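Read the structure below first, then the notes.
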Amino acid sequence: MVLTRVAPSPTGDPHLGTAYMALFDYVWARQQGGRFMVRIEDTDRSRFNPQSEQRILQSLRWLGLQYDEGPDIGGPNAPYHQSQRLELYHRYADQLLELGCAYRAFETPEELERIRRELDGKGQRRGYDGRGRALPQEESDRRARAGEPFAVRLRAPDSGITVVRDQLRGPVRFDNAGLEDTILLKSDGYPTYHLAVVIDDHLAGVSDVLRGEEWLSSAAIHVLLYGALDWEQPNWYHLPLLRNPDHSKLSKRSGHTSLEWFRGQGVLPEALCNYLALMGFSMPDGRELFSLEQLIEAFSWRRFSLSGPVFDLQKLLWLNGKYIREVLEVTELERRLAGFGAERGWQPYPTFARVVELMRPRISTLLEFWERTRYFYAEDYPVTEAAAALVADSGPLLEEALAALRQLRPFSAEAAEAALRDLAQRQGRKLGQLVQPLRAALCGATETPGMFEILELLGPELTERRLERAVAGTHGLV
RNA sequence: GGCCCCAUCGUCUAACGGUUAGGACACCACCCUCUCACGGUGGAGAUACGAGUUCGAAUCUCGUUGGGGUCACCA
C-alpha cells in the first residue's frame with residue numbers, strides 16, 4: 001500500500017515548491033491506489049506563523065490536491081502536528097541513546113559558534129567536531145539529571161559508507177566519515193526535522209518519500225536512523241528543485257513563489273497543476289495540455305526528468321489562457337470570473353456574458369478580464385496615454401462619428417459596421433483611421449475587442465455621452 | 001572549499017546505439033484584420049568540451065568544465 005505525504009512547515013506563505021511536491025505525492029498515490037497525507041512540521045518555534053497552516057491547507061485544496069488524512073480532517077495517523085507528538089520523539093531519542101547511536105551534547109550556542117569558527121579556521125566547514133562523544137556516560141547522566149540543558153546528537157559512524165537508494169538516480173553513496181553528528185533533539189525539547197521525519201514517516205507507514213533534492217545530502221542521516229531503529233526504509237525520490245530564471249533555487253527574491261499570488265492573479269488551479277507537472281514530467285505523446293486525471297493515468301517515473309527546471313511565468317500564463325479559451329466551458333468561465341470578481345468587489349452586469357465571450361481569446365488570467373473591461377461596466381474606466389492623445393487629435397472626426405451614430409437605428413453591431421464603413425468611405429479614410437479614435441474615446445484604450453460589437457454593448461446612451469465628453473475635451477476627467 | 005546531484009534550442013522537454021535531433025513557450029516574418037488578441041503558415045535557434053567503447057554515440061564509460069544543492073539546537 002502506497003502512502004505518500006507532504007509535510008509543509010507553517011512558517012510563511014504557501015509555497016510553490018510545496019505544491020510541486022504535493023502534486024506528485026498526490027498523483028503517485030492515486031495512481032498506485034494508495035493514500036496521500038498532509039503532516040505539519042511545526043517544530044521550529046522561532047519561525048512558527050499561526051496563520052500559515054490554514055493558508056497552506058487552503059492552497060492545497062484550491063489546487064484540487066485532496067489529501068486523505070491531515071490536520072484538519074483527521075485520520076488513522078493523528079495527531080498530524082509534530083508539536084503534538086513530542087513524547088514520541090523523546091521515547092525514540094531515549095532508545096537511540098540507549099543503543100549508543102546517539103549521545104547528549106551540552107554545548108551552548110555560544111560554544112558552538114566558537115567551535116564552528118575554530119573549525120573554519122582549519123579549513124573545515126562543519127558545525128561540530130563531535131567532542132561531546134568523549135563525555136563519560138555517568139557524567140552525561142548526572143548533568144542531565146541535574147537539569148542541565150542538552151541536545152541529543154546522532155553518533156555518525158566514523159567509517160564505511162551509507163547508501164541512499166534513490167528511485168530516480170540509483171544508489172547515492174556517502175562516506176560516513178563526512179557525516180556530521182547531527183542534532184536530533186533540540187535543547188528546547190523539540191525534535192529536528194531529521195528525527196521527526198523518520199519517526200513520523202515510519203509510524204504512519206509512509207512507503208514513498210517524495211521531497212526536494214535539497215534533502216538528498218541529509219538522506220544519509222535518515223537512512224542511518226532507519227537502520228539504528230531497525231526499521232524498513234521507504235522508497236526515496238528526491239525531485240529536482242524548481243529554479244529561478246538565474247537557475248538558483250526558487251526563491252521570493254527573484255520571482256513569485258506564493259500560491260496565493262497566483263490565485264490572486266486569476267491563475268486557474270488546474271492550469272497551475274498542469275504547468276507544474278510539465279516541470280519534469282512529459283506525456284508519451286508530447287501533449288502539454290492535460291488534466292489531473294489524465295496525468296494520474298499516464299504518470300511514470302521513467303518519464304521524469306532530473307534537471308532543475310526553471311519556472312517560466314510566461315509559459316504558465318500561456319497555458320492559463322489556453323484553459324480559459326479552450327478547456328473551460330464558457331458558462332464555467334463566467335462562473336469563475338464572477339467568483340473571482342466577487343472577492344474584489346466586481347459584479348457581473350447585464351452584458352457580462354457577451355463581454356466574456358469577446359474577451360475570452362484576449363486574456364490569460366481572470367484578473368486581466370476585470371482590469372481590461374472596466375469601460376463596459378463603469379464610467380471611471382482608465383484612459384491610457386495613447387488613447388488620450390488620439391482623442392485630443394481627433395475632435396472633428398469624432399464629431400462626425402457622433403453625428404452618424406446618433407442616427408443609428410437599430411443600435412446593433414451590424415448597423416454600426418455599415419454606418420461606420422460608409423462614413424469612412426465618405427471621409428476618404430481607411431476604416432481604422434475612424435475606428436481607432438472612436439475606440440480611444442469610448443474605451444480609453446487602443447486595444448479592445450471589435451468596435452462594432454462594443455458599440456452594440458454600450459448602447460446609444462453611453463456611446464453618445466462618452467463621445468460628447470470626448471469632443472468637449474473632458475474625456476477621462478470623470 | 002568538502003560532499004552530493006544534474007547537463008539537448010533563451011526556457012520546458014522528446015529521441016531509452018542508427019532520426020534531416022521532434023514538439024511547446026518566448027522571438028522574427030507573413031496571412032487573417034477596425035486595434036489588440038486568438039488562429040494559421042513559415043523562420044531562426046540545442047546535443048557544454050575532451051577522450052574512450054562501438055561498424056555507428058545526444059544516448060554507454062571516464063575526465064574536464066559549467067550549474068545547482070548541502071555543510072544551523074531551520075525545515
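What's counted below: heavy atoms across the whole structure, side chains too, no hydrogens, waters or symmetry copies. What you see is a predicted model; the values in this text were computed from it and never measured. Order of the sequence lines fixes the chain letters, A, B, ..., with proteins taken first and strands second; residue numbering starts at 1 for each chain.
Base-pair partner of B:rC60: B:rG52 (Watson-Crick or G-U wobble, both distances under 3.5 Å). The pairing partner recorded for B:rA7 is B:rU65, the criterion being a Watson-Crick or G-U wobble arrangement whose two distances lie under 3.5 angstrom. Under the Watson-Crick or G-U wobble criterion, with both distances below 3.5 Å, B:rU20 has no partner in any strand shown. Pair assignment for B:rA15: none, as no Watson-Crick or G-U wobble contacts are both less than 3.5 Å. Remark: B:rG2 base-pairs with B:rU70. Criterion, Watson-Crick or G-U wobble with two distances under 3.5 Å.
Residue whose closest nucleotide on RNA chain B sits further toward the 5' end, between A:A7 and A:R362: A:R362. Mapping A:M283 and A:K322 onto RNA chain B by nearest heavy atom places A:M283 at the nucleotide closer to the 5' end.
Between the side chain of A:S187 and the base of B:rC73, at least one donor-acceptor pair of N or O atoms lies under 3.5 Å. If you check distances only, the side chain of A:K315 does reach the base of B:rA24 with a donor-acceptor pair under 3.5 Å.
Of the possible donor and acceptor atoms, one in the side chain of A:E368 sits under 3.5 Å from a partner among the backbone N and O of A:S364.
For A:S307, whose side chain is taken as the heavy atoms from C-beta onward, the closest listed nucleotide among B:rC25, B:rA75, B:rA7 is B:rA7.
Using modelled atom types and a 3.5 Å distance limit, the side chains of A:D166 and A:H238 yield a donor-acceptor pair. A:D200 and A:Y89 share a donor-acceptor pair across their side chains, judged by distance under 3.5 Å alone. Residues A:Y103 and A:D181 have side chains that bring a donor and an acceptor to within less than 3.5 angstrom of each other. No hydrogens or angles considered: nothing links the side chains of A:E329 and A:T331 as a donor-acceptor pair under 3.5 Å. Residues A:N320 and A:T365 have side chains that never bring a donor and an acceptor to within less than 3.5 angstrom of each other. With 3.5 Å as the limit, one finds no donor-acceptor pair spanning the side chains of A:Q265 and A:H256.
What separates CZ of A:F281 from P of B:rA14 is a distance of 10 Å, to the nearest Å.
Across B:rC12 and B:rU53, the matching P atoms stand 34 Å from one another, rounded to whole Å.
Of the residues in residues 166-178 of chain A, those lying under 4.0 Å from RNA chain B by heavy-atom distance are A:R169, A:V172, A:R173, A:F174.
Of the residues listed (A:V267, A:L272, A:I56), the one engaging A:L259 in a side chain to side chain contact (heavy atoms under 4.5 Å, CB included) is A:L272, and it is the only one.
Taking the ring centroids of A:F369 and A:F352, they lie under the 6.0 Å cut-off.
Considering only side-chain N and O atoms, A:R45 lies nowhere under 4.0 angstrom from the phosphate OP1 or OP2 of B:rA75.
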Between protein and nucleotides 67-72 of chain B, what N or O pairs are separated by less than 3.5 Å?
from, atom 1, to, atom 2, distance (Å)
B:rG69, OP1, A:K249, N, 3.1
B:rG69, N2, A:S217, OG, 3.4
B:rU70, OP1, A:K249, NZ, 2.7
B:rC71, O3', A:E180, OE2, 3.3
B:rC71, O2', A:R125, O, 3.3
B:rC71, O2', A:E180, OE2, 2.7
B:rA72, OP2, A:G127, N, 2.9

